Structures are given as structure tokens and as C-alpha cells.
Number of protein chains: 2
Amino acid sequence: MNTPSENSATLTKRLIDSGLRPTAQREVVFKVILEKRDHPTADEIFARVKSQMPTISLATVYNCLETLVQCQLIRQVNLERAPTRYCPNLHQHAHFHDETTGQIHDIDLPIELVAQLHHVLPAGFIASSVELTFRGDAAGTAQPTVPADCAPTLNNPHGTN
Amino acid sequence: MNTPSENSATLTKRLIDSGLRPTAQREVVFKVILEKRDHPTADEIFARVKSQMPTISLATVYNCLETLVQCQLIRQVNLERAPTRYCPNLHQHAHFHDETTGQIHDIDLPIELVAQLHHVLPAGFIASSVELTFRGDAAGTAQPTVPADCAPTLNNPHGTN
DNA sequence: AAAGAGTTTAGAATTATTCTAAATCCTTGT
DNA sequence: ACAAGGATTTAGAATAATTCTAAACTCTTT
């Protein structure tokens with residue numbers, strides 16, 4: 001488990017390593033994404049951030065998100081015909097999109113399976129990332145698969161479970 | 001291999017089975033998607049269709065695409081922050097998005113692997129579909145992985161290879 | 001041939017995202 | 001401390017993709 005100030009320190013380090021500046025806007029955007037382990041859209045993030053920093057603009061939120069994705073602090077998730085969502089879970093995992101509730105669940109992926117996935121690629125194809133999305137119904141499941149208290153974090157990228 | 005008229009017959013059957021009407025617009029949209037084994041956007045499809053049916057509207061193309069997806073005659077593919085693409089290949093397969101050229105390649109998926117993917121789902125999660133997308137570089141590869149002449153078709157849904 | 005459902009059409013509306021140019025904020029050299 | 005210069009933020013305009021709307025059209029059935 002890591003504290004907000006540890007996350008903030010990591011953010012600062014990553015930004016500086018990439019030749020970028022640690023700004024209050026980048027920090028608060030990152031913070032609200034980590035606070036809640038869901039998959040918010042840019043607009044949702046904008047709404048959450050505004051309560052803490054009422055003067056921030058939507059364009060800045062988009063800029064910050066782009067920066068955070070670049071620095072590999074968050075990932076981008078796209079579902080069919082829906083606004084882009086952002087995911088703080090950097091652990092290798094799949095997404096399950098519940099078509100009934102619209103909820104997105106993180107699904108753990110065994111490392112061996114990920115390796116196997118890469119083996120399906122013909123010679124010459126080098127994948128830098130894989131995205132696996134299931135669509136269907138999660139019968140009676142309202143809880144996230146990865147509870148917040150053992151979820152992967154910056155300083156513990158693979159989680160405690 | 002199947003002929004255009006066989007495809008058209010299948011389309012008609014599927015539509016009628018779903019209580020929908022086989023219309024000239026639906027037929028021509030389906031036809032242009034099958035003609036070229038790529039992953040066109042709605043706009044690209046609109047452009048191709050217009051040469052054969054100049055009066056068709058973009059809204060109709062969107063309507064037809066929705067219908068075809070519903071009838072499981074084509075699939076929808078979404079890449080990050082990019083317009084939706086449509087795929088005539090119904091064979092279980094992954095997509096490889098070449099970030100250098102922007103091209104999308106179909107990647108064959110062994111049936112066992114697909115089964116394994118479903119096994120990662122916790123109890124209660126029933127997936128009706130899976131989407132697997134790789135992102136990276138396809139060194140020097142300009143040919144599609146599934147050549148058109150043995151690609152899966154309506155009457156031969158798993159292809160000849 | 002009238003009724004009624006399904007479909008198409010053009011254009012407006014909406015939504016998500018990116019662009020632009022001016023203002024502001026840091027950092028660094030002096 | 002202070003000016004220069006690059007990085008960042010801001011508001012609002014612009015763009016792109018998609019969906020909506022309402023009228024017209026077209027089948028099919030009576």
C-alpha cells in the first residue's frame with residue numbers, strides 16, 4: 001500500500017525523467033484518478049477535479065491525461081462507441097464490460113496467458129501492448145474483482161495479491 | 001469461397017429472421033464491406049457506397065452498419081481515439097494495429113487460446129464476446145495475414161485454412 | 001387502395017476531442 | 001533579484017464522429 005505523498009513523489013519523478021514539469025494540475029488529475037478505482041471519462045475526471053481546483057479547464061484535463069498516459073502512470077481504455085476511459089490499474093489485466101449495468105471490471109490475467117497471447121503473433125510483429133476486453137453480463141456481481149486495498153499501485157505495480 | 005449472390009442471399013435470410021427488411025441500401029453497404037478485406041470507417045464505407053448509390057445518406061450508412069452488426073454479419077472494431085472501424089472477418093481473430101503505418105492486420109487465434117481466455121473470468125461473468133487488440137510495429141509486413149482467397153466468409157465462417 | 005410498420009433521407013444537434021492564441025508560470029543565466 | 005525563454009494553462013472556437021428528428025417514402029397486408 002502506498003500513501004498519496006508517495007504517489008505524488010512518483011509522479012514528480014516520472015515527469016522530470018521525461019523532461020516535463022510537475023504542476024499542480026497534473027498532480028490533482030492524477031490524484032483523483034487514484035482516489036477511486038474506477039474507469040472515469042475525461043468529463044468525469046474534469047468534474048471531480050473542479051471541486052478541488054475550480055479554475056482548471058477541460059483542455060487542461062485532456063492535456064494532463066495525455067501526459068499521464070505518456071508517462072505510463074495510467075492507461076487508456078476504449079469501448080465501442082463510448083467516450084475514452086482512463087484506468088489507474090497498471091497491472092497486466094483485462095476489462096470486462098457489463099452490458100447491463102455499463103460497469104467495467106478489472107480481470108486479472110495470469111502472466112503465462114499474456115505470454116501465450118504474444119505467441120500468436122507472426123514473425124515480424126512486435127506488440128508493445130495488448131488490450132483484452134470482454135463484453136457480457138456479470139451476474140449479480142457488483143463488487144470490483146480487485147479490491148482497492150490490495151490493488152496494484154505505483155510502488156507496488158503488481159499488487160499485493 | 002462464396003459468390004456475391006450467396007452473400008446477398010445470406011444477408012436476406014438473416015434480416016428476415018430478425019424481422020427486418022432486405023433493402024437495397026443494406027445490401028450495397030454489406031457488399032462494399034465484403035469486397036475489400038480491410039477495416040473501413042463509416043465515412044470510408046459511405047464514400048465507397050456512393051459510387052454505386054449516389055443518393056444514399058451517411059445516416060443510412062450508420063443505420064445499415066448497426067443493423068449488420070446486430071445480425072452478426074460484421075463486427076465493430078474500436079481503436080484508441082480513432083473512428084470506429086468495421087470488419088467483415090467473423091472468424092475468431094485478434095487485431096494488430098501497426099502504429100507506424102496505421103494499418104490493421106487480422107491475427108488468427110487458436111481455438112484453445114480463446115477457450116483459455118474465457119477461463120480467466122471469475123464465476124458469474126459470462127462473456128458474449130472478446131476483443132483482443134495488439135499495438136506495435138509490424139516490421140516490413142505489408143501483406144494481410146489472412147489472404148483474401150482463403151479468408152472466412154458467411155458460408156464458410158472459419159475460412160479454408 | 002388504405003393503413004401501418006419499417007426504412008431512408010437531409011440536416012440539425014450532440015458529444016468527444018483537438019486546436020489556437022493569449023496569458024501565466026517556472027527555470028536558468030546573469 | 002530579474003529578464004528571457006520555454007513550458008503550461010486557459011477559454012473558447014473548431015473539428016470529427018455519431019446520433020437524433022421529422023418528413024417522405026416504400027413495402028406488406030387487408
Side-chain angles (χ1 to χ4, degrees), chain A residues 11-32 39-50 52-71 73-74 76-87 102 104, chain B residues 11-32 39-50 52-71 73-74 76-87 102 104:
Chain A
L11 169 62
T12 300
K13 189 180 179 317
R14 288 280 180 98
L15 288 169
I16 289 171
D17 286 353
S18 310
L20 301 167
R21 290 187 193 155
T23 66
Q25 286 84 347
R26 286 171 177 167
E27 197 147 311
V28 69
V29 166
F30 188 42
K31 184 162 147 274
V32 302
H39 297 78
T41 64
D43 250 355
E44 283 161 2
I45 292 165
F46 182 44
R48 293 180 199 174
V49 160
K50 265 203 293 204
Q52 297 177 50
M53 186 184 272
T55 61
I56 200 171
S57 79
L58 179 58
T60 300
V61 171
Y62 272 105
N63 289 342
C64 291
L65 290 172
E66 201 187 317
T67 304
L68 294 175
V69 170
Q70 233 172 250
C71 294
L73 292 165
I74 60 173
Q76 229 174 268
V77 185
N78 288 69
L79 303 174
E80 281 170 16
R81 297 181 183 231
T84 303
R85 289 167 179 279
Y86 296 87
C87 175
I104 300 165
Chain B
L11 169 61
T12 299
K13 187 180 181 321
R14 289 280 180 96
L15 287 170
I16 288 173
D17 286 354
S18 310
L20 302 166
R21 291 188 192 154
T23 65
Q25 286 85 348
R26 285 170 178 168
E27 197 149 311
V28 69
V29 166
F30 188 42
K31 185 162 148 272
V32 303
H39 297 78
T41 64
D43 249 355
E44 282 160 2
I45 292 165
F46 182 45
R48 291 179 200 175
V49 161
K50 266 203 292 202
Q52 298 176 49
M53 187 184 271
T55 61
I56 200 172
S57 79
L58 179 57
T60 301
V61 170
Y62 272 105
N63 289 342
C64 291
L65 290 172
E66 202 186 318
T67 304
L68 294 175
V69 170
Q70 234 172 252
C71 293
L73 291 166
I74 60 173
Q76 226 174 269
V77 185
N78 288 69
L79 304 173
E80 279 168 20
R81 295 179 184 234
T84 303
R85 289 167 179 277
Y86 296 87
C87 176
I104 300 164

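What you see is a predicted model, and the numbers here were worked out from it, not measured in a lab. Per chain, numbering begins at 1; letters A, B, ... match sequence-line order.
Residue B:Ile16 contributes atom CD1, which lies 12 Å from atom C1' of D:dC27 at whole-angstrom precision. Protein atom CD1 of B:Ile45 is 13 Å distant from nucleotide atom C1' of D:dA17, rounded to whole Å. Between the CD atom of A:Glu80 and the P atom of D:dA17 there is a distance of 17 Å, given to the nearest Å. Atom pair A:Arg26:CZ and C:dC25:P shows a separation of 16 Å (rounding to whole Å applied). Here the P atom of nucleotide D:dC20 and the CD atom of B:Glu66 are 9 Å apart, to the nearest Å. Atom-to-atom, CG of A:Leu65 to C1' of C:dT17 comes out at 12 Å; the value is rounded to the nearest Å. Spacing between atom CZ of B:Arg85 and atom P of D:dT18 amounts to 10 Å, rounded to whole angstrom units. C:dT15 atom P lies 14 Å from atom CD of A:Glu44, rounded to whole Å.
Looking at A:Glu44, its side chain does come within 3.5 Å of a backbone N or O of A:Thr41 through a donor-acceptor pair. No donor-acceptor pair closer than 3.5 Å links the side chain of A:Arg21 to the backbone N or O of A:Thr12. Checking side-chain atoms of A:Arg85 against main-chain N and O of A:Pro40 turns up no donor-acceptor pair under 3.5 Å. No side-chain donor-acceptor contact under 3.5 Å links A:Glu66 to the backbone of A:Asn63. Counting only distance, with no hydrogens or angles, the side chain of A:Arg14 and the backbone of A:Cys71 share a donor-acceptor pair below 3.5 Å.
Across all strands shown, B:Leu58 has heavy atoms under 4.0 Å from base atoms, whether or not it also approaches the sugar-phosphate. Within the nucleic acid shown, A:Thr41 has no heavy atom closer than 4.0 Å to any nucleic acid atom. Across all strands shown, A:Thr23 has heavy atoms under 4.0 Å from sugar-phosphate atoms exclusively, and none from any base.
One finds no side-chain N or O of A:Tyr62 lying less than 4.0 angstrom from the OP1 or OP2 phosphate oxygen of C:dT18. A close approach under 4.0 Å does not occur between any side-chain nitrogen or oxygen of A:Arg21 and OP1 or OP2 of D:dT9.
In the set D:dT10, C:dT9, D:dG6, the nucleotide with an atom closest to the side chain of B:Ala59 is C:dT9. Residue B:Asp43 places its side chain closer to D:dA17 than to any other of D:dA17, D:dT10, C:dT17.
Map B:Asn78 and A:Pro22 each onto its nearest nucleotide of DNA chain D; the residue landing nearer the 5' end is A:Pro22.
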